[in-house]
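A quick write-up on the structure given underneath.
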Amino acid sequence: MALRDPVDKNLLRMEARRFASRCEGHVATIERADNLREVARLVSTLHASYPLSEESAVRDALRLVQMRAEDRARELIQQQLQNYARVESYLRDKWRRTLLESWSNLTGPLAHLRPWAQGRLTVVEQQLQD
């Protein structure tokens, strides 16, 4: 019944556009985030209601938010690893623990980045031993 009602259909489209613009604002906030905790919080707090979840504009907006959050998290991890490579050898254990603690914030949609980051850390540590 609601699918054939033009008023409901238009309201749903309007709500989808509103949600998409909210997602654009979320993307801008993610780009300004300076730590992994903030990125993970921003990407995990954005959800679409069930009626909106079928709209392609909403799915595209959510996908854009997730992709940008993943890119920003990768940038932050790369930056952390560069700083780790520059640190003095006697401070590396402390920095390593700090990195692992920071990466524990990678949960929800960003959880798959934790093993990737640990692999990158292994590569950096192998290069440092040479």
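The first residue of the sequence shown is numbered 1, and numbering continues consecutively from there.
- The shortest distance between side-chain heavy atoms of L12 and P51 falls below 4.5 Å.
- A salt bridge links R74 with E70: the closest approach of a Lys/Arg side-chain nitrogen to an acidic carboxylate oxygen falls below 4.0 angstrom.
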Are S44 and T107 close enough, and set up right, to give a side chain to side chain contact (heavy atoms under 4.5 Å, CB included), and what steps lead you there? CA-CA 8 Å; S44 65; T107 57; 5.9 Å; no

Step-by-step side chain to side chain contact (heavy atoms under 4.5 Å, CB included) determination, L81 to L99: CA-CA 8 Å; L81 291 172; L99 288 176; 4.3 Å; yes

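- Atom CG of residue L110 and atom CD of residue Q66 lie 7.0 Å apart, to the nearest 0.5 angstrom.
- Residues L121 and L91 share a hydrophobic cluster, clusters being chains of Ile/Leu/Val/Met/Phe/Trp/Tyr side chains in contact below 4.5 Å.
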Which is it for T98 and Y84 under the side chain to side chain contact (heavy atoms under 4.5 Å, CB included) test, yes or no, and what are the steps along the way? CA-CA 10 Å; T98 304; Y84 175 76; over 6 Å; no

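- Within the model, atoms CD of E54 and OG of S49 stand 10.0 Å from one another, a figure rounded to the nearest 0.5 Å.
- Partners of D60 under the side chain to side chain donor-acceptor pair (under 3.5 Å) rule, at least two apart in sequence or in another chain, are R63.
- When all heavy atoms of V65 and L46 are compared, the pair lying nearest together is CG2-CD2, 3.9 Å.
- A donor-acceptor contact closer than 3.5 angstrom links the side chains of W103 and Q80.
- Using a 4.5 Å cut-off on side-chain heavy atoms (C-beta onward), S53 and V58 make no contact.
- A distance of 14.0 Å separates CG of L52 from NE2 of H47, quoted to the nearest 0.5 Å.
- Tracing side-chain contacts under 4.5 Å through hydrophobic residues (I, L, V, M, F, W, Y), one reaches Y90 starting from L128; they form part of the same cluster.
- Atom-to-atom distance recorded for L64:CG and R59:CZ is 15.0 Å, nearest 0.5 angstrom.
- In this structure, the side chain of R37 does not engage the main chain of S102 through any donor-acceptor pair within 3.5 Å.
- Tracing side-chain contacts under 4.5 Å through hydrophobic residues (I, L, V, M, F, W, Y), one reaches L100 starting from I77; they form part of the same cluster.
- In this structure R92 satisfies the side chain to side chain donor-acceptor pair (under 3.5 Å) test with no other residue, sequence neighbours excluded.
- Residue Q79 places its CD atom among 12 or fewer non-hydrogen atoms of other residues, nucleotides or ligands, all under 6.0 Å distant.
- Expressed to the nearest 0.5 Å, how far CG of L36 lies from CZ of R114 amounts to 10.5 Å.
- Side-chain contact between L106 and H112 is absent, with no heavy-atom pair separated by less than 4.5 Å.
- Within the structure, salt bridge (Lys or Arg N to Asp or Glu O under 4.0 Å) contacts touching residues 18-34 (residues at least two apart or in different chains) are E15-R18, E31-R68.
- When side chains are defined from C-beta on, R17 counts as touching M14, because their heavy atoms get closer than 4.5 Å.
- Of the candidates L42, I30, V27, I30 is the only one forming a side chain to side chain contact (heavy atoms under 4.5 Å, CB included) with R72.
- From D8, atom CG reaches atom CZ of R13 across 11.5 Å, with rounding to the nearest 0.5 Å.
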